[in-house]
Q: 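Right, I'll just put the structure down here and ask away after.
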Amino acid sequence: MEYLNIALPKGRLGEKVYAMFEAAGFECPSIREDNRKLTFENEEKGIRYFWVKPSDVAIYVERGAADIGVAGKDILLEYSPDVYELLDLNIGKCRVAVAAPNSFKDNPKRALRVATKFANIAKSHYTKKGREIDIIHLNGSIELAPILSLSDVIVDIVETGRTLKENGLEVVEDIIPISARLIANKASTKFKGEMIEKIRQGLYEETKK
Amino acid sequence: MNTNSLTSTEKTIYALRSLYESYGYSQYKMSKFEEYDLYVRNKSFLLSDNIIAFTDTTGKLMALKPDVTLSIVKHSGERESGVRRVYYNENVYRVPRGGFAFKEIMQSGLECIGEIDDYNVCEVLMLAAKSLAEISDDFVLDISHLGVVSAIIDSMELSEETKGRLITAIGEKNAQGIDAACACIDADEGEIGILKSLVSMKGGCDEMLRILEGSKAYSLAEGFAAIIKVLWASFGDKVRIDFSVVDDMRYYTGIVFKGFVRGIPTSVLSGGRYDKLMERMGKRSGAIGFAVYLDLLDMLEIAEDEYDADVFLQYGDDASLEDIVMAADEMIKSGKKVVSGRVKPEKLRVREILEI
């Protein structure tokens, strides 16, 4: 049997995303069972879910291991995968922003040191402004960089701003709003298009509730 | 020649060569090297920015070809009289999308250069569809018309940045992205609606013409529909109108297309009409062509043979050299794959073991 493979992002956002799929009529009860399985199938509906690291969803979809998936707009902007972006799910809302210590004052006489895991988003943002920057690529604990003078500012995801505040940082500039998007492999859309469209339509109805 | 032992990629190469020659295309052989300058001037035409460059014996900076079309255009006449038809089967060297290292990539394709008319466009599209059919019966050829898309976008008078964002959203079939790209400008709702309808349309020519009724792109769409209808007569719904196929408008004009086969996650064929590239390179002819990415066909061969050989011919110390050679030869002549040895390698999968 040919399944439609769906990559969901692990974690809180993924739980919300699955709840939307379920409400739209694409449920898979075994996914809620407490077990060590990696893939979950609903034979009757012809769908198979699996959880992957949020930043890997786009790779699974682009390479066709998943026919569709849900990824944050931040990941799509950063890696520009060659996929269709079919729907804004209007969940997982946050923003990519520039944050700095409360005392920060930009010194235009030298390159701005920017710590981030979103090197491409940061580069594109500062290129538009004509500001010379020095990108410091980090994989986590980005907030630590300006505290230890590794960077002047950070470019990172900001949800409530609480972590920033607790570390003496504040948002100095918003770059782009972010939310979860339904993405699809281009080739899969040619051969499993009907099912993908049904899911897109079902999720679209959910976003309106 | 026994073609049974050829891989499906090798069989496709033979089939494509014969297909293209039957339509009067002649093979174009070229050097592996090209002047580096050619690619620097046309970098955004290339699929990858990375080029392997080296200095030749005269000190000139050269490159290992990352692309074939640019070389064919460069070596074509300033103005071709009539239509020149060439096909190629060449290796190119580039970093694949999402890859980290250079790869040697086998590519087949064809170019039709000169006074291009609707028949030539139709012929190239037919050959694209037939090329896909050589790879798999289960294929889809998506075709768009950049002239239609750009006629609508140009009438919106957008900045280059907004235009870029809009084209990206069209390529992603991203209706909400089209709205977002146009949110900060005073764009006509009607034109935004047309773009969104074109990107999400699932029907055929009638639906396209209905969407474009009264727009500046209508007459272009009528010509496009005439070509699509001819293709449908031969290939049915394997040929589809898909306006999300967008290529760089600095090079491509008119019809652009991408081909997919079931089992391969990316497009295996890509092409279009590139009159603007010709113009940029000082040529006054039109041109259309496509490339088939043969390296991707490996993915179809994952269902490998159950056995590595038909027979393992096991010989002991008492078997004479002549007997072993004769026994192996006889079985090979009868069409079997034979591996001979004293002890069968543990991982060798064979249908039967014969002792001699």
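In the text below, chain A, chain B and the rest are named by the order of the sequence lines, each starting its count at 1. Being a predicted model, the structure only gives us computed values, none of them experimental.
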Q: Within this structure, what is the CG-CD1 distance for the pair B:Asn174 and A:Ile183, rounded to the nearest 0.5 Å?
A: 11.5 Å
Q: Can you confirm whether more than 12 heavy atoms, excluding those of A:Arg63, are under 6.0 Å from its CZ atom?
A: no
Q: Go through the steps for B:Arg262 and A:Glu2 under the test salt bridge (charged side-chain N to carboxylate O under 4.0 Å, His left out), then give the verdict.
A: CA-CA 12 Å; B:Arg262 191 185 283 272; A:Glu2 192 180 51; 2.9 Å; yes
Q: With a 4.5 angstrom heavy-atom cut-off, which part of A:Glu197 approaches chain B: side chain, backbone, both or neither?
A: side chain
Q: Decide if atom CG of B:Asp137 counts as having more than 12 heavy atoms of other residues, nucleotides or ligands within a radius under 6.0 Å.
A: no
Q: Check whether B:Lys202 gets within reach of chain A through its side chain, its backbone, both or neither, counting any heavy atom under 4.5 Å.
A: side chain
Q: Quick one: closest heavy-atom pair of B:Phe260 and A:Phe191, and the distance?
A: O-CZ, 3.7 Å
Q: Less than 4.5 Å to any heavy atom of chain A: does that hold for the side chain of B:Val261, its backbone, both, or neither?
A: backbone
Q: Do B:Asp242 and A:Lys190 have side chains that get closer than 4.5 Å, going by heavy atoms?
A: yes
Q: Count the heavy atoms belonging to other residues, nucleotides or ligands that lie under 6.0 Å from CZ of B:Phe224, then report whether that count exceeds 12.
A: yes
Q: Just checking A:Leu38: does its CG atom have more than 12 heavy atoms from other residues, nucleotides or ligands closer to it than 6.0 angstrom?
A: no
Q: In terms of heavy-atom contacts, does NZ of A:Lys109 have more than 12 from other residues, nucleotides or ligands at under 6.0 Å?
A: no
Q: Counting only heavy atoms not in A:Tyr204, do more than 12 sit closer than 6.0 Å to its OH atom?
A: no
Q: Taking every heavy-atom pair that is under 4.5 Å apart, which of B:Lys258, B:Lys173, B:Glu161 has the most such pairs with chain A?
A: B:Lys173
Q: Check whether B:Ser244 gets within reach of chain A through its side chain, its backbone, both or neither, counting any heavy atom under 4.5 Å.
A: side chain
Q: Please flag which part of B:Asp142 lies under 4.5 Å from any non-hydrogen atom of chain A: side chain, backbone, both or neither.
A: side chain
Q: For residues A:Lys186 and B:Gly171, report the shortest heavy-atom separation together with the two atoms involved.
A: NZ-O, 3.7 Å
Q: For chain B, which of A:Ile59, A:Asn185, A:Thr189 has the most heavy-atom pairs under 4.5 Å?
A: A:Asn185
Q: In terms of heavy-atom contacts, does CD of B:Glu157 have more than 12 from other residues, nucleotides or ligands at under 6.0 Å?
A: no
Q: Looking only at heavy atoms, which of residues 82-92 of chain A get nearer than 4.5 Å to chain B?
A: A:Asp82, A:Val83, A:Tyr84, A:Glu85, A:Leu86, A:Leu87, A:Asp88
Q: If you count heavy atoms of other groups shown closer than 6.0 angstrom to NZ of A:Lys123, is the number above 12?
A: no
